[in-house]
Structures are given as C-alpha cells and as structure tokens.
Amino acid sequence: PNGNAAVFNGILYVVDTVNHRILGFDEIPAANNAIADFVLGQSSSTAAGTDVLNGPQSVSVTTGNFIVATTGTGASQVLIWNSVPTSVSDPLAPPDVTIGAGPAGCTYPALYSPVDAIAAGGRLLVVDAGNNRVLVWDQIPDGSTPVPEPWALGQKDLASCGVNADGDATAAVGFSLPLAIWSDGTRLAVGDAHNNRVLIWNTFPSAADQAPDLVLGSDSVAGTSLGAGGMHFSGDYFFVSDSISNRVLIWKGFPTVDDQPADFVLGQGDLAHTTVNDDNQNNLEDEGHPTARTLGDPRGVYQYGKQLFVTDND
C-alpha cells in the first residue's frame, strides 16, 4: 500500500502499488482482514496486469475528479477521470486526461516518478519526485482543451530537475526527492524527504521562487528530522507520516513556527526512537516484528471523521 488512503461518499480507496490496482471498500471496514468490494485497474481480484494502472502511487478523490499518479516502467504519469468510480460495475474507463505520457524524463511534458497528485483550490498539484519539483496547474485539466503547461515550484524552469534547484545556493526554494503534498487551496505543505523537512507556505505561492514561510524538521533538532511520505490536516491536527523514522508525527493545530516540535507520535514510544517496528513501549522481546503499535516505512496518513488511516508499507 502506498500514499494516503481516500474516502469519498463513505467509500474507502486504497492504493495497492505492486498489484497495479486500487481497492475499493463500500464501507470503511470495522474488522480485520476485510475483503475489498471492488477492484479498479484489474479485470478481477486475482489479476495484476499493467494495462490500466502501472505502479499507482497515490489516489485523490474529490467531486468530479479521480486522480491517480503512477510510476511504473514507461508510465510516469498522472491520470485524471472526470467522474469517480464507485463500484465493480463502474470500472476504470480510459482517463479523460493523461499527463506525462512517454518515457520518464526531465523536460516537461515528461515526468519522472510522480508520487502524489491532488486537486486543491481549483489547482492541480503534482509531486514530480524524480525531477525534484512540484508542478502547478492553475486550472485542473478536464480534457476539453489541450493540457496547458504548468509552472514548477523548486526549479527555475520546466527543463530543470536537479537536486535543490540544480544546486543553486541562492534559490529561495529547492527540493531533494519531494514525496508528499497537502493544500487547502490557500496553505501549501510539501514533504521534502531527502532534505528531512516539510516546507510550508501560509499563502499559496504565486511564483516558482517564492520562499516558504516556515520549515518543519531539521537534522540539528532532535526528534524532528522528517522524511515525509504523506501529510494531512484535519482542521484540528496536522499529520506527517515520517517514513524514514517509522512513525507518524502529530501536531495539535497547524504549525506556526519553524521547527515546531510535534505534540505526539504514533509508531514509536517517544520522539527519540526511530527504529522500524520498535515496540519500546512494551519492551517486547520480539522487537523488529510488526505489532499493533509499530510502523515500518509508513507512506501515507489520512483522517476521515474520527478515524485515522495509515498506509504501512513494510
């Protein structure tokens, strides 16, 4: 499982990357080992071909938009459907919009490992991880007209893709393998995994070189180095799935200052522990094996009502 789960009209969608599919549950499961009600991207629950979805990494669902980012061989793409599939009788037709068709590459329209794509505030936002950039379309393409060129946050132009703005020390913003994005249409947060930080803009940037307002995570601050794989803000809590540290960090309210420490953590006994499946809370002898408390490379986090969903990759 990869990326944030999504819930739309009570239906739960979970990305199953290696099986090249998205699983749909008509209701949020209330017990372990629930069986999906429908499968998107495959002809059956036992098929695993790549004809429809090739290495899906994320799913984002809003009214009128079903958006999937894929990173399979020869398929670094963002796929957009203008209607949301809700059952096995409503399978994935060809997408209304395909962005990034063709081999992976640096110069747009090529993409290289897009791992997250969301619609927010009337914009389409794509984390183009391998190209160390976030692509922004100021209108969501719907297939009625040719897809316009986006602009790139973190790079000087659409032909640049190097780490940290191609090593430009004067650049106001640059990324090293960004993996996650969150926005409510006004605020923007980008998980900059290899720089161990989350960059936050309090107002949506209007230019590619606009500096963030604050930064979470720093190697110099114990317990707050962030390899963000997924993010979500519920209105009450800000969640970051800190993949590299095998935990989910939670802030009460939206962070407001640089290096603001998390208020509490899931998957570890405290902010000082980062080992995979480390159940130091119980001092179990079988540490290193999964328990109900532990996490191994969590890739996504999503809140729906009072429920929290964490995709635990390892």
Side-chain angles (χ1 to χ4, degrees), residues 1-6 14-18 55-60 69-71 112-118 125-134 154 163-164 175-182 189-200 215-219 221-233 237-251 255 259-280 287-303 308-314:
N2 244 330
N4 292 1
V14 178
V15 174
D16 186 14
T17 299
V18 177
Q57 295 288 323
S58 71
V59 60
S60 175
T70 68
T71 63
Y112 184 14
S113 294
V115 294
D116 203 0
I118 64 172
L125 312 176
V126 173
V127 179
D128 191 13
N131 286 325
N132 302 293
R133 64 192 179 190
V134 171
V163 170
N164 293 326
F175 304 118
S176 179
L177 196 70
L179 291 180
I181 196 167
W182 172 88
V190 177
D192 188 15
H194 279 186
N195 282 327
N196 301 302
R197 63 187 184 177
V198 171
L199 305 180
I200 294 176
V215 180
L216 299 177
S218 168
D219 285 336
V221 180
T224 59
S225 178
L226 298 174
M231 292 181 293
H232 185 74
F233 180 58
Y237 298 97
F238 182 61
F239 303 91
V240 175
S241 59
D242 185 9
S243 303
I244 197 169
S245 295
N246 306 293
R247 63 189 180 181
V248 171
L249 297 175
I250 304 175
W251 285 258
D259 287 333
Q260 182 174 329
D263 291 288
F264 53 103
V265 62
L266 299 176
Q268 301 289 348
D270 54 45
L271 288 169
H273 287 81
T274 60
T275 305
V276 61
N277 291 322
D278 182 0
D279 202 343
N280 55 76
E287 289 181 3
H289 299 284
T291 75
R293 294 178 181 268
T294 63
L295 297 171
D297 190 21
R299 298 289 183 90
V301 60
Y302 176 79
Q303 182 183 352
L308 185 69
F309 301 83
V310 178
T311 51
D312 190 19
N313 185 266
D314 278 353

query: Which residues pass the ring-ring contact (aromatic ring centres under 6.0 Å, His included) test with F175, sequence neighbours left out?
result: none

query: With side chains defined as the heavy atoms from C-beta onward, is the minimum distance between D192 and S176 less than 4.5 Å?
result: yes

- prompt: What are the two closest non-hydrogen atoms of N2 and T311, and how far apart are they?
  reply: C-OG1, 4.1 Å

message: When you compare the side chain of S113 with that of D128, does any pair of heavy atoms fall below 4.5 Å?
response: no

task: Could you check if a side-chain atom of R247 sits within less than 4.5 angstrom of a side-chain atom of L271, using non-hydrogen atoms only?
output: yes

query: Mind checking whether P178 and N132 have side chains closer than 4.5 Å, heavy atoms only?
result: yes

- request: Look at the side chain of S241 and the backbone N and O of G230, then say whether any donor-acceptor pair between them is shorter than 3.5 Å.
  value: yes

- line: Of all heavy-atom pairs linking S58 and A117, the shortest is OG-N, 3.5 Å

task: Apply side chain to side chain contact (heavy atoms under 4.5 Å, CB included) to V301 and L308, showing your working.
output: CA-CA 7 Å; V301 60; L308 185 69; 3.7 Å; yes

- prompt: Taking side chain as C-beta onward, heavy atoms only, is D116 less than 4.5 Å from Q57?
  reply: no

message: Restricting to side chain to side chain contact (heavy atoms under 4.5 Å, CB included), what partner residues turn up for D314, sequence neighbours left out?
response: D297

query: Any donor and acceptor pair, going by atom type alone, linking the side chain of T294 with main-chain N or O of G267 inside 3.5 Å?
result: no

task: Using modelled atom types only, decide if a donor and an acceptor are shared between the side chain of N4 and the backbone of G300 within a distance under 3.5 Å.
output: no

query: Run the side chain to side chain contact (heavy atoms under 4.5 Å, CB included) check on S243 and R299 step by step: do they pass?
result: CA-CA 6 Å; S243 303; R299 298 289 183 90; 4.1 Å; yes

field: Any donor-acceptor pair under 3.5 Å from Q303 side chain to Y237 backbone
entry: no

- prompt: Are the side chain of N313 and the backbone of P1 linked by a donor-acceptor contact shorter than 3.5 Å?
  reply: yes

message: Main chain of A272, side chain of D270: is a donor-acceptor contact present, judged purely on distance under 3.5 Å?
response: yes

field: Listed partners of F309 passing ring-ring contact (aromatic ring centres under 6.0 Å, His included), at least two apart
entry: none

message: Check the orientation of W182 and F233. Use parallel for under 30°, tilted for 30 to 60°, and perpendicular for over 60°.
response: perpendicular

- request: Could you check if a side-chain atom of L216 sits within less than 4.5 angstrom of a side-chain atom of L249, using non-hydrogen atoms only?
  value: no

query: Is the backbone N or O of F239 less than 3.5 Å from a side-chain atom of W251, with the two atoms forming a donor-acceptor pair by type?
result: no

Side chain to side chain, V190 and V127, heavy atoms closer than 4.5 Å: no

